[in-house]
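In what follows, a single structure is set out as structure tokens and then discussed.
Because the structure is predicted, anything quoted here is derived from the model rather than measured. We're numbering straight along the sequence, starting at 1.
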Amino acid sequence: MEKLGDAEKDLFRKSFWLMIGTLYMNLMSLLFWIIASRLSTAEDVGYATTASSLIMMLSGVLTLGMDISVLKYGSSRIKNEIFSASLMIVAFSAVLTSIALVIWQGRGLYGEEYRQYIMILAAVYPLFVFGNLLSVALVGAGESKKVMFIRIITSTLKVAVIIVSAAIIGIINGIIILLSFSIPAVIGAALGALYVRSIYTIRMRSFQLFREALRVGVANLPQKVFGVIISNLGTVLLAFFTSNPALVGMTYISLMIMLAISGFAGVFSTVALPQSVAKNSEVYVHSLRYGLFITSALAAPVGAASWWILSIIKPEMAHAWRTLTMLTPVAVLITSVSNVITELNYKGKNREIAILGATMIASLFVFLYAFTRLEGTREISIAIALILTYAIALTYVFIGLKITWLLKNMLIALAGTCLGAGIGVMVSTQIHPVMGGLIALSVVVLMYSLIFKVVTIKEIILLMRSVFST
């Protein structure tokens with residue numbers, strides 16, 4: 001493409017700022033947990049990570065997918081009504097969840113000492129949920145740069161709180177770790193509210209729009225639950241099926257690396273949904289091209305140097321490199337499915353979205369159970385299970401929608417990722433992992449940009465210019 005349209009430029013510009021915010025947030029989160037693990041006991045880190053996972057699971061499921069409703073209509077003429085309805089539903093759910101946490105008080109989880117963790121969680125949960133909803137509302141309204149600022153401020157504050165606490169006290173415990181990401185949640189919600197008040201108006205003119213917000217959210221709930229399962233419960237399921245804590249730990253690290261890659265590129269499909277609805281145009285076609293390119297360009301080098309990356313984290317993890325390498329094509333599949341869901345949301349196919357999400361949940365359980373039973377595949381069982389799960393999901397989509405444009409771009413990205421990672425692994429073991437990563441990246445660029453020209457080098461240059469020219 002020599003000439004770029006306004007839709008491509010707008011999509012890339014808004015996605016770029018969101019990617020910067022996501023990258024900074026991930027890096028600061030990594031720094032946060034490195035500091036926390038070194039200045040506290042394994043028990044305290046375990047308490048804090050349990051609380052963190054719990055709040056992520058609750059917010060992912062009990063907000064009923066209202067963030068998708070806000071995102072979809074964030075730039076449309078009914079944005080105020082959809083936002084108001086979603087805010088009411090989330091507020092009701094958040095209050096009930098906090099009350100339930102206060103009543104539960106962590107009974108049956110660790111011991112009496114964990115009660116204070118649950119009480120803090122109950123207090124901060126509504127603010128955490130509201131902060132996330134408000135950030136999504138800003139993305140839906142096209143204010144990605146504001147979201148970037150919020151993420152930079154809250155992520156920096158999270159690390160600052162734990163560093164200051166360590167400097168004053170000398171050692172940190174689980175409560176301080178929990179407060180270190182609870183306090184920024186309060187600031188994030190306040191900043192989100194400050195930005196949102198100038199964009200949205202609380203208004204409810206029609207019960208029909210309230211139902212539309214609920215309909216879109218509930219339809220997207222199964223696929224959101226699937227995401228929660230992968231990021232929070234996947235390793236728990238693996239532990240249940242294998243009873244091997246060492247395997248679970250190594251798999252968890254590999255899974256988090258893969259999810260970080262796909263999440264980084266997934267901002268394109270996130271930004272594309274409200275733009276497609278507002279412009280009544282298939283902007284998500286461009287989000288697929290850009291998202292797959294970024295995913296492949298990151299996944300292939302990681303797959304090529306997987307043993308080296310894992311050894312940096314912990315030397316004993318290096319022998320589990322096959323899991324991380326096999327998870328690299330999963331990142332491509334995740335990006336593809338994300339764009340499929342964006343298209344289905346744009347076209348209002350709520351029933352198909354719900355079926356797709358439910359199919360993925362059922363497939364993951366079946367495949368993970370089946371492959372953990374086989375001795376030879378236990379190490380890479382979650383990778384195989386995810387690959388087959390996404391394959392079934394995409395097969396369902398192809399049968400229902402016959403999306404040839406998706407198939408073509410996805411296959412090119414998969415071929416580039418697998419070929420690049422494969423060649424890169426050989427170079428990494430024979431010469432050096434950095435050289436292997438560079439070779440893998442070169443293969444992706446060669447296939448995606450130079451041979452098939454899905455996203456050309458010239459287009460990338462023009463897109464980057466558009467980001468900084470405004």
Side-chain angles (χ1 to χ4, degrees), residues 6-22 25 59 63-91 127-154 187-206 209-210 212-214 216-217 220 224 263 266-284 286-287 290-291 338-339 341-343 345-346 348 466-467 470:
D6 291 337
E8 295 101 300
K9 291 179 182 178
D10 199 31
L11 170 66
F12 192 86
R13 182 167 51 250
K14 291 172 181 176
S15 299
F16 178 82
W17 297 121
L18 199 56
M19 278 194 294
I20 295 298
T22 302
M25 183 176 66
S59 62
T63 51
L64 303 177
M66 288 301 104
D67 52 334
I68 306 296
S69 299
V70 171
L71 179 69
K72 177 178 179 178
Y73 293 108
S75 295
S76 70
R77 58 182 177 80
I78 58 172
K79 67 177 185 179
N80 293 321
E81 288 79 7
I82 296 296
F83 175 73
S84 301
S86 300
L87 195 63
M88 289 171 57
I89 293 169
V90 168
L127 293 171
F128 181 85
V129 170
F130 284 132
N132 283 346
L133 184 69
L134 295 175
S135 290
V136 171
L138 289 171
V139 174
E143 299 291 345
S144 298
K145 194 176 286 189
K146 287 184 172 63
V147 177
M148 178 191 70
F149 289 141
I150 292 174
R151 290 182 175 179
I152 289 175
I153 292 169
T154 54
I187 304 300
L191 287 173
L194 185 65
Y195 285 137
V196 161
R197 62 181 297 184
S198 63
I199 301 171
Y200 292 90
T201 302
I202 303 298
R203 182 171 65 202
M204 181 53 63
R205 295 183 303 179
S206 168
L209 294 177
F210 184 93
E212 173 62 13
L214 191 60
V216 171
N220 280 275
K224 285 183 65 65
V267 301
F268 285 103
S269 59
T270 300
V271 174
L273 177 57
Q275 281 197 283
S276 296
V277 173
K279 297 176 181 179
N280 194 24
S281 175
E282 298 177 343
V283 179
Y284 54 81
H286 305 298
S287 77
Y290 302 148
S338 296
N339 277 274
I341 293 172
T342 294
E343 180 184 3
N345 270 305
Y346 167 68
S466 73
V467 171
T470 56

Problem set entry | Test log, rule side chain to side chain contact (heavy atoms under 4.5 Å, CB included), inputs Met19 and Phe268 | CA-CA 9 Å; Met19 278 194 294; Phe268 285 103; 3.7 Å; yes
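- Atoms OG and CG, on Ser338 and Leu273 in that order, are 11.5 Å from each other to the nearest 0.5 Å.
- Considering CH2 of Trp17 and NZ of Lys145, their distance stands at 4.5 Å, rounded to 0.5 Å.
- In this structure, Thr342 contributes its side chain and Ser269 its backbone to a donor-acceptor pair below 3.5 Å.
- From Thr270, atom OG1 reaches atom CG of Asn339 across 9.0 Å, with rounding to the nearest 0.5 Å.
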For this session: Show the numbers, then the answer: is there a side chain to side chain contact (heavy atoms under 4.5 Å, CB included) between Glu8 and Val283?
Result: CA-CA 8 Å; Glu8 295 101 300; Val283 179; over 6 Å; no
Hey, can you pull the donor-acceptor pairs under 3.5 Å for the side chains in residues 130-144, sequence neighbours left out?
from: Ser135; atom 1: OG; to: Gly131; atom 2: O; distance (Å): 3.1
from: Glu143; atom 1: OE1; to: Lys146; atom 2: NZ; distance (Å): 3.0
from: Ser144; atom 1: OG; to: Lys14; atom 2: O; distance (Å): 3.1

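- Heavy atoms only, all atoms of each residue included: Ser69 and Val216 are closest at OG-CB, 3.5 Å.
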Exercise. Can Phe149 and Leu191 be said to form a side chain to side chain contact (heavy atoms under 4.5 Å, CB included), step by step?
Worked result: CA-CA 9 Å; Phe149 289 141; Leu191 287 173; over 6 Å; no
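- Side-chain contact between Phe83 and Ile202: present, with at least one pair of heavy atoms (C-beta onward) separated by less than 4.5 Å.
- Val467 approaches Arg13 most closely through the heavy-atom pair CG2-CA, 3.9 Å.
- Met25 CE to Ile152 CD1: the interatomic distance, rounded to the nearest 0.5 Å, is 11.0 Å.
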Pairs of donor and acceptor atoms involving the side chains of residues 84-91, under 3.5 Å and at least two apart or interchain, shall be tabulated with distances.
from: Ser84; atom 1: OG; to: Asn80; atom 2: O; distance (Å): 2.7
from: Ser84; atom 1: OG; to: Arg203; atom 2: N; distance (Å): 2.7
from: Ser84; atom 1: OG; to: Arg203; atom 2: O; distance (Å): 3.1
from: Ser86; atom 1: OG; to: Ile82; atom 2: O; distance (Å): 2.8

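- Checked against ring pair (Phe, Tyr, Trp, His ring centres under 6.0 Å), Tyr346 has the following partners two or more places apart in sequence or in another chain: Tyr284.
- Partners of Phe16 according to the ring pair (Phe, Tyr, Trp, His ring centres under 6.0 Å) rule, which considers only residues two or more places apart in sequence or in another chain, are Phe468.
- Across every non-hydrogen atom of Lys279 and Asp10, the tightest pair is NZ-OD2, 3.4 Å.
- Between Val271 and Ser287, every side-chain heavy-atom pair lies at or beyond the 4.5 Å cut-off.
- For Ser15, there are no side chain to side chain donor-acceptor pair (under 3.5 Å) partners two or more places apart in sequence or in a different chain.
- Across every non-hydrogen atom of Gly74 and Lys79, the tightest pair is O-CD, 3.3 Å.
- Closest heavy-atom contact between Ser59 and Thr63: O-OG1, 2.6 Å.
- Ring planes of Phe12 and Tyr290: perpendicular class, angle over 60° (limits at 30 and 60°).
- Ser276 contributes no side-chain N or O that, together with a main-chain N or O of Glu282, makes up a donor-acceptor pair within less than 3.5 Å.
- From Asp67, atom CG reaches atom NZ of Lys224 across 3.5 Å, with rounding to the nearest 0.5 Å.
- Under the rule for a ring pair (Phe, Tyr, Trp, His ring centres under 6.0 Å), Tyr73 has no partner lying at least two apart in sequence or in another chain.
- Listed for the Lys72 side chain is a donor-acceptor partner under 3.5 Å among the backbone atoms of Asn345.
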